[in-house]
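Below, chains carry the letters A, B, ... as their sequence lines are ordered, and counting in each starts from 1.
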Number of protein chains: 2
Amino acid sequence: MKESARGRAAGAKRQRLMRAAADVVYRQGAERTTIADIARVADVPVGNVYYYFKTKDELVTAALSEHARQLDLLTSGLDRLPDPRERLKGLINAWVSQRDLAARYGCPTGTLAVELDKRDEGGLDVEAGRVIRLLLAWVERQFHELDQPEPDGLALTLVSAYQGMSLLANALRDPGVMDREGARLLAWLDSLKAT
Amino acid sequence: MKESARGRAAGAKRQRLMRAAADVVYRQGAERTTIADIARVADVPVGNVYYYFKTKDELVTAALSEHARQLDLLTSGLDRLPDPRERLKGLINAWVSQRDLAARYGCPTGTLAVELDKRDEGGLDVEAGRVIRLLLAWVERQFHELDQPEPDGLALTLVSAYQGMSLLANALRDPGVMDREGARLLAWLDSLKAT
DNA sequence: GTCTATAGGGTGATAGAC
DNA sequence: GTCTATCACCCTATAGAC
């Protein structure tokens, strides 16, 4: 039980570090975040971090998969709704409900992707793109079930709108942007004719 | 002539530093960019930079106003077109024509705003927001001239769409996103009924 | 497994010669 | 006004005690 814990539950400390990394990196950005910052929030001694993650980049990767996990949690819940259109509306409502966080820090995945895309080493940028692709794929599936033509194009438009409104809400420090654009997206969904 | 040069032309070296800052910060991000990086591109000795800019933050501010200048150049050109709708289409076409840069580095102002918004000191985040507000104001003016109801909401939607498509093109490393979403925006503009 | 101490490298900024 | 040399600091990562 002692040694199998690592593989299964990934260890309590390791998990605390992952969550702290996701949280602190989201608020401060990857570059400004130090190992010490994450260690403090996770309540783990600084030097001990390297027992669980060999490099800082591994911690950023961990933060990214933590966000992927959150996304999976959200979409799994929405999948219980019978109507694809209602699932998409649920997604939009979830975004709008995060308006205050978005106005202060933007979209967790989007802002991290922006930052990591400015590197040319390490390939962490690809990881960030992967999480966004997960979201795109789920959205596309809903449009497909709605028998919409070009579900991939519609998914691109919807996710793009989300990233845009998050960025503007953040840059203008105005949560109201999320409300206004969210409402517009809901109306847009309703305007798509059923088949 | 020797001493007045500083005030008028702002000095050749100072200008080279501003442009280098805008360029390097756009590609590497503000945090990863060192004074030495900028100095090298501007062809100015490292220690000499501090004669023109007392801190690194002042250089980032300079980069921001350089972007504001570029924006002003673009909109001033478009203002020569007689029809507001054509001006907006010109703006969108300008965005699409930058698709390869967008796919690699995103929108210059947007990505910088995302990064600076993760700070809580210095107030540089407000500066970044200001440049975006300039763009919003110009777009809103066009919708107003088109006698559209709620020109501010339409401006928010258009700029938001631009930021979103730039971010996705960047995260997916796919310039095609700019083409697809750009075409959609052009069609959307045409669908707005005249008055 | 856990933690402390510290090495090693790089960055922003300054002092002062020219 | 221009530039070189250098300081002081902070951060990642490691070595090794417990």
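- Between the C1' atom of dC3(C) and the CG atom of L17(A) lies a distance of 14 Å, rounded to the nearest Å.
- If you measure from atom CZ of R14(A) to atom C1' of dG1(C), you get 15 Å, rounded to the nearest angstrom.
- Remark: D125(B) engages R173(A) in a salt bridge, criterion side-chain N to carboxylate O under 4.0 Å.
- Between the side chains of T34(B) and D37(B), at least one donor N or O sits under 3.5 Å from an acceptor N or O.
- In the set dA13(C), dC3(D), dT12(D), the nucleotide with an atom closest to the side chain of N48(B) is dC3(D).
- With dA13(C), dC3(D), dT12(D) as the choices, the nucleotide that has an atom nearest any side-chain atom of K56(B) turns out to be dA13(C).
- Of the candidates dT2(C), dC3(D), dT11(C), dT2(C) carries the atom nearest the K13(A) side chain, counting heavy atoms from C-beta on.
- Per the geometry, CZ belonging to R16(A) stands 16 Å off P belonging to dG1(C), to the nearest Å.
- When the side-chain nitrogen and oxygen atoms of Y51(A) are compared with OP1 and OP2 of dG1(C), one or more of them lie within a distance under 4.0 Å.
- Rounded to whole Å, the distance from CD on E58(A) to P on dT14(D) is 11 Å.
- Set against dT4(C), dA13(C), dT14(D), the side chain of Y50(A) has dT14(D) as its closest nucleotide.
- Nucleotide dT11(C) holds its P atom 16 Å from the CZ atom of R32(A), rounded to whole Å.
- Within the structure, a side-chain polar atom (N or O) of Y52(A) is placed less than 4.0 Å from OP1 or OP2 of dT2(C).
- Taking the charged nitrogens against the carboxylate oxygens, K13(A) and D43(A) have no contact shorter than 4.0 Å, which rules out a salt bridge.
- With a 6.0 Å cutoff to the six-membered ring centre and a 45° limit on the axis angle, R14(B) counts as a cation-pi contact of F53(B).
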